[in-house]
2 protein chains.
Amino acid sequence: MATAIIKNRKQQIHLTAKNLFRERGYAATSMRHIAAELGIEAASLYSHIKSKEEILQLICFELAEQFLKSSDELQKKKLPAKELFKQAVTEHIRIITQNMDSSVVFLHEWRHLSEPFLSDFKLMRKRYENFYKNILKAGAEEKKFQIRDEKLTLFVIFSAMNGIYEWFTPKGKLQPEEIAEQMVEVFLNGILK
Amino acid sequence: MATAIIKNRKQQIHLTAKNLFRERGYAATSMRHIAAELGIEAASLYSHIKSKEEILQLICFELAEQFLKSSDELQKKKLPAKELFKQAVTEHIRIITQNMDSSVVFLHEWRHLSEPFLSDFKLMRKRYENFYKNILKAGAEEKKFQIRDEKLTLFVIFSAMNGIYEWFTPKGKLQPEEIAEQMVEVFLNGILK
DNA sequence: ATATTTGCCTAACGACCGTTAGTTAGGATG
DNA sequence: CATCCTAACTAACGGTCGTTAGGCAAATAT
(Lines give C-alpha, C1' and ligand atoms only; values in the text may rest on other atoms or scores of the structure.)
Protein backbone atom coordinates (compact mmCIF):
# COMPACT_ATOMS: atom_id res chain seq x y z
CA MET A 1 0.00 0.00 0.00
CA ALA A 2 1.27 3.44 -0.92
CA THR A 3 -0.04 5.11 2.19
CA ALA A 4 2.47 3.17 4.26
CA ILE A 5 5.38 4.61 2.32
CA ILE A 6 4.04 8.14 2.60
CA LYS A 7 3.48 7.75 6.28
CA ASN A 8 6.97 6.45 6.71
CA ARG A 9 8.45 9.37 4.82
CA LYS A 10 6.34 11.78 6.82
CA GLN A 11 7.59 10.18 10.01
CA GLN A 12 11.16 10.40 8.75
CA ILE A 13 10.69 14.11 8.10
CA HIS A 14 9.26 14.68 11.55
CA LEU A 15 12.05 12.70 13.14
CA THR A 16 14.74 14.60 11.27
CA ALA A 17 13.08 17.91 12.02
CA LYS A 18 12.82 17.10 15.72
CA ASN A 19 16.49 16.33 15.78
CA LEU A 20 17.56 19.47 13.91
CA PHE A 21 15.16 21.74 15.77
CA ARG A 22 16.66 20.48 18.97
CA GLU A 23 20.26 20.85 17.86
CA ARG A 24 20.12 24.20 16.05
CA GLY A 25 16.81 25.67 17.11
CA TYR A 26 13.69 26.14 14.99
CA ALA A 27 14.63 29.49 13.46
CA ALA A 28 18.15 28.39 12.54
CA THR A 29 16.96 25.19 10.87
CA SER A 30 16.01 25.55 7.21
CA MET A 31 13.80 23.35 5.11
CA ARG A 32 16.82 22.79 2.86
CA HIS A 33 18.71 21.51 5.86
CA ILE A 34 16.00 19.02 6.79
CA ALA A 35 15.79 17.89 3.17
CA ALA A 36 19.56 17.48 2.85
CA GLU A 37 19.55 15.19 5.87
CA LEU A 38 17.06 12.97 4.02
CA GLY A 39 18.89 13.17 0.70
CA ILE A 40 16.11 15.02 -1.10
CA GLU A 41 15.33 18.57 -2.21
CA ALA A 42 13.60 21.10 0.05
CA ALA A 43 10.65 21.43 -2.31
CA SER A 44 10.05 17.69 -2.09
CA LEU A 45 9.21 17.98 1.58
CA TYR A 46 5.98 19.67 0.59
CA SER A 47 4.63 16.46 -0.88
CA HIS A 48 4.39 15.24 2.71
CA ILE A 49 3.94 18.26 4.95
CA LYS A 50 2.06 21.53 4.73
CA SER A 51 4.60 23.91 6.19
CA LYS A 52 7.58 24.26 8.47
CA GLU A 53 5.41 25.48 11.29
CA GLU A 54 3.09 22.51 10.96
CA ILE A 55 6.01 20.33 12.04
CA LEU A 56 6.61 22.51 15.07
CA GLN A 57 2.93 22.40 15.93
CA LEU A 58 2.88 18.64 15.79
CA ILE A 59 5.92 18.31 18.03
CA CYS A 60 4.64 20.77 20.62
CA PHE A 61 1.06 19.53 20.83
CA GLU A 62 1.95 15.85 20.68
CA LEU A 63 4.04 16.23 23.80
CA ALA A 64 1.60 18.57 25.52
CA GLU A 65 -1.07 15.94 25.06
CA GLN A 66 1.14 13.23 26.50
CA PHE A 67 1.74 15.29 29.62
CA LEU A 68 -1.92 16.11 30.02
CA LYS A 69 -3.03 12.56 29.37
CA SER A 70 -0.71 11.18 32.01
CA SER A 71 -1.82 13.82 34.52
CA ASP A 72 -5.49 13.04 33.86
CA GLU A 73 -4.89 9.39 34.51
CA LEU A 74 -3.04 10.11 37.73
CA GLN A 75 -5.83 12.39 38.90
CA LYS A 76 -8.30 9.52 38.66
CA LYS A 77 -6.29 7.39 41.04
CA LYS A 78 -7.21 9.53 44.06
CA LEU A 79 -3.87 9.03 45.75
CA PRO A 80 -2.56 10.78 48.87
CA ALA A 81 -0.45 13.82 47.97
CA LYS A 82 2.94 12.32 48.64
CA GLU A 83 2.28 9.23 46.59
CA LEU A 84 0.67 11.25 43.80
CA PHE A 85 3.70 13.53 43.77
CA LYS A 86 6.06 10.58 43.41
CA GLN A 87 4.10 9.10 40.56
CA ALA A 88 3.68 12.45 38.81
CA VAL A 89 7.41 13.13 38.86
CA THR A 90 8.09 9.62 37.64
CA GLU A 91 5.64 10.01 34.78
CA HIS A 92 6.99 13.40 33.76
CA ILE A 93 10.53 12.11 33.70
CA ARG A 94 9.46 9.04 31.75
CA ILE A 95 7.88 11.19 29.05
CA ILE A 96 10.88 13.51 28.86
CA THR A 97 13.48 10.77 28.68
CA GLN A 98 11.46 8.85 26.11
CA ASN A 99 11.16 11.94 23.90
CA MET A 100 14.42 13.79 24.28
CA ASP A 101 14.38 15.72 21.00
CA SER A 102 10.71 16.59 21.21
CA SER A 103 11.13 17.66 24.81
CA VAL A 104 13.79 20.23 24.04
CA VAL A 105 11.70 21.62 21.19
CA PHE A 106 8.61 21.57 23.39
CA LEU A 107 10.45 23.45 26.12
CA HIS A 108 12.21 26.11 24.08
CA GLU A 109 10.79 26.46 20.58
CA TRP A 110 7.07 26.77 21.28
CA ARG A 111 7.40 30.56 21.18
CA HIS A 112 7.75 30.37 17.40
CA LEU A 113 4.21 29.07 17.11
CA SER A 114 1.81 31.52 15.50
CA GLU A 115 -1.64 32.32 16.78
CA PRO A 116 -3.97 30.73 17.65
CA PHE A 117 -1.63 27.84 18.34
CA LEU A 118 0.56 29.87 20.64
CA SER A 119 -2.33 30.72 22.93
CA ASP A 120 -3.65 27.17 22.86
CA PHE A 121 -0.23 25.88 23.79
CA LYS A 122 0.16 28.26 26.70
CA LEU A 123 -3.24 27.21 27.99
CA MET A 124 -2.34 23.53 27.92
CA ARG A 125 0.89 24.24 29.73
CA LYS A 126 -0.97 26.25 32.35
CA ARG A 127 -3.39 23.35 32.85
CA TYR A 128 -0.51 20.99 33.42
CA GLU A 129 1.21 23.37 35.82
CA ASN A 130 -2.01 23.58 37.79
CA PHE A 131 -2.08 19.82 38.12
CA TYR A 132 1.26 20.04 39.92
CA LYS A 133 0.24 23.12 41.87
CA ASN A 134 -2.75 21.20 43.20
CA ILE A 135 -0.54 18.36 44.32
CA LEU A 136 1.51 20.82 46.36
CA LYS A 137 -1.66 22.40 47.73
CA ALA A 138 -3.09 19.01 48.70
CA GLY A 139 0.18 18.03 50.37
CA ALA A 140 0.15 21.22 52.39
CA GLU A 141 -3.46 20.64 53.43
CA GLU A 142 -2.67 17.10 54.48
CA LYS A 143 0.12 18.66 56.59
CA LYS A 144 2.62 16.52 54.73
CA PHE A 145 4.36 19.24 52.74
CA GLN A 146 5.90 22.41 54.08
CA ILE A 147 5.76 25.01 51.34
CA ARG A 148 6.72 28.63 51.84
CA ASP A 149 6.15 29.90 48.33
CA GLU A 150 4.06 27.77 46.05
CA LYS A 151 5.25 29.26 42.77
CA LEU A 152 8.89 29.02 43.75
CA THR A 153 8.54 25.41 44.83
CA LEU A 154 6.59 24.54 41.70
CA PHE A 155 9.24 25.96 39.42
CA VAL A 156 12.13 24.43 41.31
CA ILE A 157 10.52 21.08 40.63
CA PHE A 158 9.65 21.79 37.00
CA SER A 159 13.03 23.30 36.20
CA ALA A 160 14.88 20.35 37.70
CA MET A 161 12.77 17.84 35.77
CA ASN A 162 12.85 19.78 32.52
CA GLY A 163 16.58 20.32 32.75
CA ILE A 164 17.20 16.60 32.44
CA TYR A 165 17.92 16.92 28.71
CA GLU A 166 21.08 18.84 29.61
CA TRP A 167 22.80 15.82 31.06
CA PHE A 168 20.79 12.65 30.45
CA THR A 169 21.98 10.03 27.99
CA PRO A 170 19.85 6.95 27.41
CA LYS A 171 22.95 4.79 27.53
CA GLY A 172 24.24 6.20 30.81
CA LYS A 173 24.09 4.29 34.07
CA LEU A 174 21.25 6.40 35.43
CA GLN A 175 17.94 5.25 34.00
CA PRO A 176 14.64 7.18 34.08
CA GLU A 177 13.16 5.22 36.97
CA GLU A 178 16.18 5.86 39.15
CA ILE A 179 16.42 9.49 38.15
CA ALA A 180 12.82 9.92 39.24
CA GLU A 181 13.45 8.15 42.53
CA GLN A 182 16.51 10.24 43.33
CA MET A 183 14.88 13.51 42.30
CA VAL A 184 11.87 12.81 44.45
CA GLU A 185 14.25 12.13 47.31
CA VAL A 186 15.94 15.52 46.82
CA PHE A 187 12.61 17.33 46.49
CA LEU A 188 11.17 15.68 49.59
CA ASN A 189 14.15 15.46 51.92
CA GLY A 190 16.93 17.59 50.46
CA ILE A 191 20.60 16.76 50.47
CA LEU A 192 21.33 17.43 54.14
CA LYS A 193 22.39 14.45 56.21
CA MET B 1 33.31 64.48 24.25
CA ALA B 2 32.27 62.42 21.27
CA THR B 3 33.30 59.11 22.79
CA ALA B 4 30.60 59.46 25.38
CA ILE B 5 27.91 59.58 22.72
CA ILE B 6 29.35 56.59 20.90
CA LYS B 7 29.59 54.61 24.08
CA ASN B 8 26.03 55.41 24.91
CA ARG B 9 24.77 54.35 21.51
CA LYS B 10 26.80 51.16 21.71
CA GLN B 11 25.26 50.42 25.08
CA GLN B 12 21.82 51.12 23.69
CA ILE B 13 22.44 48.66 20.89
CA HIS B 14 23.63 46.00 23.28
CA LEU B 15 20.67 46.61 25.56
CA THR B 16 18.19 46.37 22.71
CA ALA B 17 19.90 43.28 21.33
CA LYS B 18 19.86 41.56 24.72
CA ASN B 19 16.17 42.21 24.97
CA LEU B 20 15.35 40.99 21.45
CA PHE B 21 17.67 37.99 21.64
CA ARG B 22 15.90 36.99 24.81
CA GLU B 23 12.42 37.47 23.43
CA ARG B 24 12.80 36.03 19.92
CA GLY B 25 16.07 34.14 20.08
CA TYR B 26 19.35 35.05 18.38
CA ALA B 27 18.62 33.44 15.01
CA ALA B 28 15.15 34.95 14.72
CA THR B 29 16.35 38.46 15.54
CA SER B 30 17.59 40.45 12.54
CA MET B 31 19.89 43.45 12.48
CA ARG B 32 17.04 45.36 10.87
CA HIS B 33 14.87 44.51 13.84
CA ILE B 34 17.43 45.80 16.34
CA ALA B 35 17.89 48.95 14.26
CA ALA B 36 14.15 49.57 13.99
CA GLU B 37 13.83 49.43 17.76
CA LEU B 38 16.38 52.26 17.93
CA GLY B 39 14.83 54.23 15.09
CA ILE B 40 17.78 53.86 12.73
CA GLU B 41 18.75 51.78 9.69
CA ALA B 42 20.41 48.37 9.99
CA ALA B 43 23.53 49.56 8.21
CA SER B 44 23.98 52.30 10.79
CA LEU B 45 24.55 49.73 13.51
CA TYR B 46 27.91 48.99 11.94
CA SER B 47 29.23 52.41 12.97
CA HIS B 48 29.16 51.05 16.49
CA ILE B 49 29.55 47.30 16.37
CA LYS B 50 31.55 44.85 14.28
CA SER B 51 28.98 42.13 13.71
CA LYS B 52 25.85 40.48 15.01
CA GLU B 53 27.85 37.72 16.59
CA GLU B 54 30.09 40.17 18.40
CA ILE B 55 27.03 41.25 20.37
CA LEU B 56 26.27 37.66 21.29
CA GLN B 57 29.87 37.10 22.32
CA LEU B 58 29.82 40.12 24.59
CA ILE B 59 26.61 39.01 26.27
CA CYS B 60 27.79 35.44 26.82
CA PHE B 61 31.30 36.19 28.05
CA GLU B 62 30.31 39.14 30.18
CA LEU B 63 28.01 36.93 32.18
CA ALA B 64 30.39 33.97 32.23
CA GLU B 65 33.01 36.23 33.74
CA GLN B 66 30.61 37.47 36.38
CA PHE B 67 29.85 33.91 37.43
CA LEU B 68 33.50 32.93 37.53
CA LYS B 69 34.56 36.07 39.36
CA SER B 70 31.98 35.51 42.07
CA SER B 71 32.99 31.86 42.43
CA ASP B 72 36.67 32.79 42.69
CA GLU B 73 35.92 35.22 45.46
CA LEU B 74 33.87 32.67 47.34
CA GLN B 75 36.64 30.09 47.02
CA LYS B 76 39.03 32.41 48.82
CA LYS B 77 36.79 32.61 51.85
CA LYS B 78 37.54 29.02 52.92
CA LEU B 79 34.07 28.42 54.28
CA PRO B 80 32.57 25.12 55.47
CA ALA B 81 30.64 23.38 52.69
CA LYS B 82 27.15 24.19 53.89
CA GLU B 83 27.87 27.87 54.32
CA LEU B 84 29.75 28.04 51.02
CA PHE B 85 26.81 26.36 49.33
CA LYS B 86 24.38 28.91 50.72
CA GLN B 87 26.50 31.83 49.62
CA ALA B 88 27.16 30.34 46.18
CA VAL B 89 23.46 29.87 45.50
CA THR B 90 22.76 33.38 46.73
CA GLU B 91 25.43 34.84 44.47
CA HIS B 92 24.26 32.87 41.43
CA ILE B 93 20.69 34.01 41.94
CA ARG B 94 21.82 37.59 42.46
CA ILE B 95 23.65 37.59 39.13
CA ILE B 96 20.74 35.99 37.29
CA THR B 97 18.08 38.28 38.69
CA GLN B 98 20.23 41.35 38.07
CA ASN B 99 20.77 40.36 34.44
CA MET B 100 17.56 38.77 33.31
CA ASP B 101 17.89 39.35 29.57
CA SER B 102 21.56 38.45 29.44
CA SER B 103 20.91 35.35 31.52
CA VAL B 104 18.39 33.91 29.12
CA VAL B 105 20.72 34.58 26.18
CA PHE B 106 23.63 33.15 28.15
CA LEU B 107 21.67 30.02 28.93
CA HIS B 108 20.14 29.30 25.55
CA GLU B 109 21.82 31.22 22.72
CA TRP B 110 25.50 30.42 23.34
CA ARG B 111 25.28 27.57 20.85
CA HIS B 112 25.21 30.12 18.03
CA LEU B 113 28.73 31.22 18.91
CA SER B 114 31.32 30.29 16.29
CA GLU B 115 34.69 28.78 17.05
CA PRO B 116 36.88 29.40 18.90
CA PHE B 117 34.41 31.27 21.07
CA LEU B 118 32.13 28.29 21.39
CA SER B 119 34.88 26.11 22.85
CA ASP B 120 36.07 28.89 25.14
CA PHE B 121 32.57 29.38 26.41
CA LYS B 122 32.04 25.69 27.10
CA LEU B 123 35.29 25.61 29.04
CA MET B 124 34.29 28.51 31.24
CA ARG B 125 30.95 26.89 31.94
CA LYS B 126 32.68 23.64 32.83
CA ARG B 127 34.97 25.50 35.23
CA TYR B 128 31.98 27.04 36.94
CA GLU B 129 30.16 23.72 37.16
CA ASN B 130 33.23 22.24 38.78
CA PHE B 131 33.15 24.93 41.41
CA TYR B 132 29.71 23.70 42.41
CA LYS B 133 30.67 20.07 42.05
CA ASN B 134 33.50 20.63 44.51
CA ILE B 135 31.13 22.17 47.01
CA LEU B 136 28.99 19.03 46.87
CA LYS B 137 32.10 16.86 47.17
CA ALA B 138 33.35 18.84 50.16
CA GLY B 139 29.95 18.63 51.82
CA ALA B 140 29.92 14.87 51.38
CA GLU B 141 33.42 14.57 52.84
CA GLU B 142 32.44 16.69 55.82
CA LYS B 143 29.56 14.21 56.24
CA LYS B 144 27.12 17.10 55.98
CA PHE B 145 25.62 16.28 52.58
CA GLN B 146 24.07 13.03 51.50
CA ILE B 147 24.52 12.74 47.76
CA ARG B 148 23.60 9.65 45.77
CA ASP B 149 24.46 10.85 42.31
CA GLU B 150 26.67 13.90 42.06
CA LYS B 151 25.77 14.85 38.49
CA LEU B 152 22.05 14.51 39.11
CA THR B 153 22.23 16.61 42.25
CA LEU B 154 24.39 19.21 40.55
CA PHE B 155 21.95 19.62 37.70
CA VAL B 156 18.88 19.68 39.90
CA ILE B 157 20.45 22.67 41.61
CA PHE B 158 21.60 24.39 38.44
CA SER B 159 18.35 23.82 36.61
CA ALA B 160 16.32 25.20 39.48
CA MET B 161 18.49 28.30 39.74
CA ASN B 162 18.70 28.87 36.00
CA GLY B 163 14.99 28.40 35.56
CA ILE B 164 14.28 31.48 37.62
CA TYR B 165 13.84 33.62 34.51
CA GLU B 166 10.69 31.65 33.75
CA TRP B 167 8.78 33.12 36.65
CA PHE B 168 10.74 35.88 38.34
CA THR B 169 9.65 39.50 38.00
CA PRO B 170 11.75 42.20 39.65
CA LYS B 171 8.59 43.90 40.88
CA GLY B 172 7.09 40.77 42.43
CA LYS B 173 6.94 40.17 46.14
CA LEU B 174 9.75 37.60 46.10
CA GLN B 175 13.11 39.33 45.96
CA PRO B 176 16.45 37.68 45.04
CA GLU B 177 17.66 37.33 48.64
CA GLU B 178 14.51 35.54 49.69
CA ILE B 179 14.44 33.36 46.60
CA ALA B 180 17.97 32.25 47.45
CA GLU B 181 17.04 31.55 51.03
CA GLN B 182 13.98 29.50 50.11
CA MET B 183 15.77 27.59 47.38
CA VAL B 184 18.61 26.69 49.70
CA GLU B 185 15.99 25.47 52.16
CA VAL B 186 14.44 23.20 49.51
CA PHE B 187 17.83 21.92 48.36
CA LEU B 188 18.99 21.18 51.89
CA ASN B 189 15.83 19.96 53.61
CA GLY B 190 13.25 19.31 50.91
CA ILE B 191 9.57 20.05 51.18
CA LEU B 192 8.56 17.25 53.52
CA LYS B 193 7.28 18.28 56.93
C1' DA C 1 -2.45 -2.71 -21.17
C1' DT C 2 -4.02 1.55 -19.76
C1' DA C 3 -4.92 5.08 -16.44
C1' DT C 4 -3.92 7.10 -12.12
C1' DT C 5 -1.30 8.23 -8.29
C1' DT C 6 2.94 8.96 -5.97
C1' DG C 7 7.39 11.00 -4.73
C1' DC C 8 10.54 13.26 -6.29
C1' DC C 9 12.69 16.74 -9.47
C1' DT C 10 14.04 21.63 -11.49
C1' DA C 11 13.10 26.34 -11.66
C1' DA C 12 11.67 30.10 -9.76
C1' DC C 13 9.05 33.54 -6.73
C1' DG C 14 9.42 37.55 -3.58
C1' DA C 15 11.11 38.42 0.83
C1' DC C 16 14.57 38.94 3.95
C1' DC C 17 19.38 38.10 5.67
C1' DG C 18 24.15 40.20 7.37
C1' DT C 19 27.22 43.23 5.69
C1' DT C 20 29.99 46.77 2.74
C1' DA C 21 30.71 51.05 0.19
C1' DG C 22 30.20 55.55 -0.38
C1' DT C 23 27.98 59.85 1.03
C1' DT C 24 26.25 63.63 3.69
C1' DA C 25 24.69 66.76 7.36
C1' DG C 26 26.11 68.72 11.44
C1' DG C 27 28.74 69.37 15.51
C1' DA C 28 33.46 69.71 17.57
C1' DT C 29 38.13 71.20 17.11
C1' DG C 30 41.92 73.92 15.41
C1' DC D 1 36.42 80.27 9.29
C1' DA D 2 38.32 75.92 7.83
C1' DT D 3 38.93 71.34 9.05
C1' DC D 4 37.94 66.97 10.93
C1' DC D 5 35.05 63.53 12.83
C1' DT D 6 30.91 61.35 13.87
C1' DA D 7 26.66 59.02 13.22
C1' DA D 8 23.62 58.54 10.45
C1' DC D 9 21.92 57.77 5.55
C1' DT D 10 20.94 55.28 0.73
C1' DA D 11 22.04 51.71 -2.31
C1' DA D 12 23.42 47.55 -3.13
C1' DC D 13 25.99 42.90 -2.74
C1' DG D 14 25.51 37.84 -2.77
C1' DG D 15 23.14 34.65 -0.28
C1' DT D 16 19.41 32.16 1.97
C1' DC D 17 14.70 31.78 3.33
C1' DG D 18 9.87 29.26 2.91
C1' DT D 19 7.07 28.07 -0.55
C1' DT D 20 4.68 27.23 -5.27
C1' DA D 21 4.22 25.54 -10.05
C1' DG D 22 4.79 22.26 -13.27
C1' DG D 23 6.86 18.15 -15.02
C1' DC D 24 8.42 13.34 -15.13
C1' DA D 25 9.43 8.56 -14.15
C1' DA D 26 8.14 4.74 -11.53
C1' DA D 27 4.80 2.28 -8.94
C1' DT D 28 0.06 1.11 -8.32
C1' DA D 29 -4.73 0.34 -9.50
C1' DT D 30 -8.19 -0.79 -12.84
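Every value quoted in this text rests on a predicted model; they were computed, and no experiment measured them. Chain naming here is simple, since letters A, B, ... match the order of the sequence lines and numbering starts at 1 in each. What's counted below: heavy atoms across the whole structure, side chains too, no hydrogens, waters or symmetry copies.
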Stepwise salt bridge (charged side-chain N to carboxylate O under 4.0 Å, His left out) test for B:Lys76 and B:Glu73: CA-CA 5 Å; B:Lys76 286 187 209 142; B:Glu73 278 165 18; 5.7 Å; no

Residues B:Ile59, B:Phe21; criterion side chain to side chain contact (heavy atoms under 4.5 Å, CB included); working and verdict: CA-CA 10 Å; B:Ile59 297 172; B:Phe21 288 174; 3.8 Å; yes

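Regarding contacts with the backbone of D:dC17, a side-chain N or O of A:Ser30 is found under 4.0 angstrom from either OP1 or OP2. Put simply, B:His48 has a side-chain N or O that comes within less than 4.0 Å of OP1 or OP2 on D:dA8.
At a threshold of 4.5 Å between non-hydrogen side-chain atoms, the residues A:Tyr165 and A:His108 count as touching.
Regarding A:Ile49, its CD1 atom lies at a distance of 13 Å from the C1' atom of D:dT20, rounded to whole Å. Between the CG atom of B:Leu38 and the C1' atom of D:dA8 there is a distance of 13 Å, rounded to whole Å. Atom NZ in A:Lys50 sits roughly 18 Å away from atom P in D:dG18 (whole-Å rounding). The separation between A:Glu53 atom CD and D:dC17 atom C1' is 15 Å, rounded to whole Å. Protein atom CE of A:Met31 is 19 Å distant from nucleotide atom P of C:dC17, rounded to whole Å. Counting to the nearest Å, the C1' atom of D:dG23 and the OH atom of A:Tyr46 are 20 Å from each other. Straight-line distance from the NE2 atom of B:His112 to the C1' atom of C:dC17: 14 Å, rounded to whole Å. Separating the CZ atom of A:Arg32 from the C1' atom of C:dC9 is a distance of 14 Å, rounded to the nearest angstrom.
With D:dA8, C:dG18, C:dT10 as the choices, the nucleotide that has an atom nearest any side-chain atom of A:Glu41 turns out to be C:dT10. Closest to the side chain of A:Ala43, from the set D:dG18, D:dA12, D:dA21, is D:dA21. In the set C:dT19, D:dT10, C:dC8, the nucleotide with an atom closest to the side chain of A:Ile40 is C:dC8. Comparing C:dT19, D:dT19, C:dC8 by their closest approach to the side chain of B:Ser51 singles out C:dT19.
Rounded to the nearest 0.5 Å, atoms NZ (B:Lys18) and NE2 (B:His14) are 8.0 Å apart.
Aromatic ring centroids of B:Phe131 and B:Phe67 lie 6.0 Å or more apart.
The base of C:dG7 does not come close enough to the side chain of A:Arg9 for any donor and acceptor atom to sit less than 3.5 Å apart. Interface remark: the B:Ser44 side chain does not form any donor-acceptor pair with the D:dA7 base, using a distance-only criterion of under 3.5 Å.
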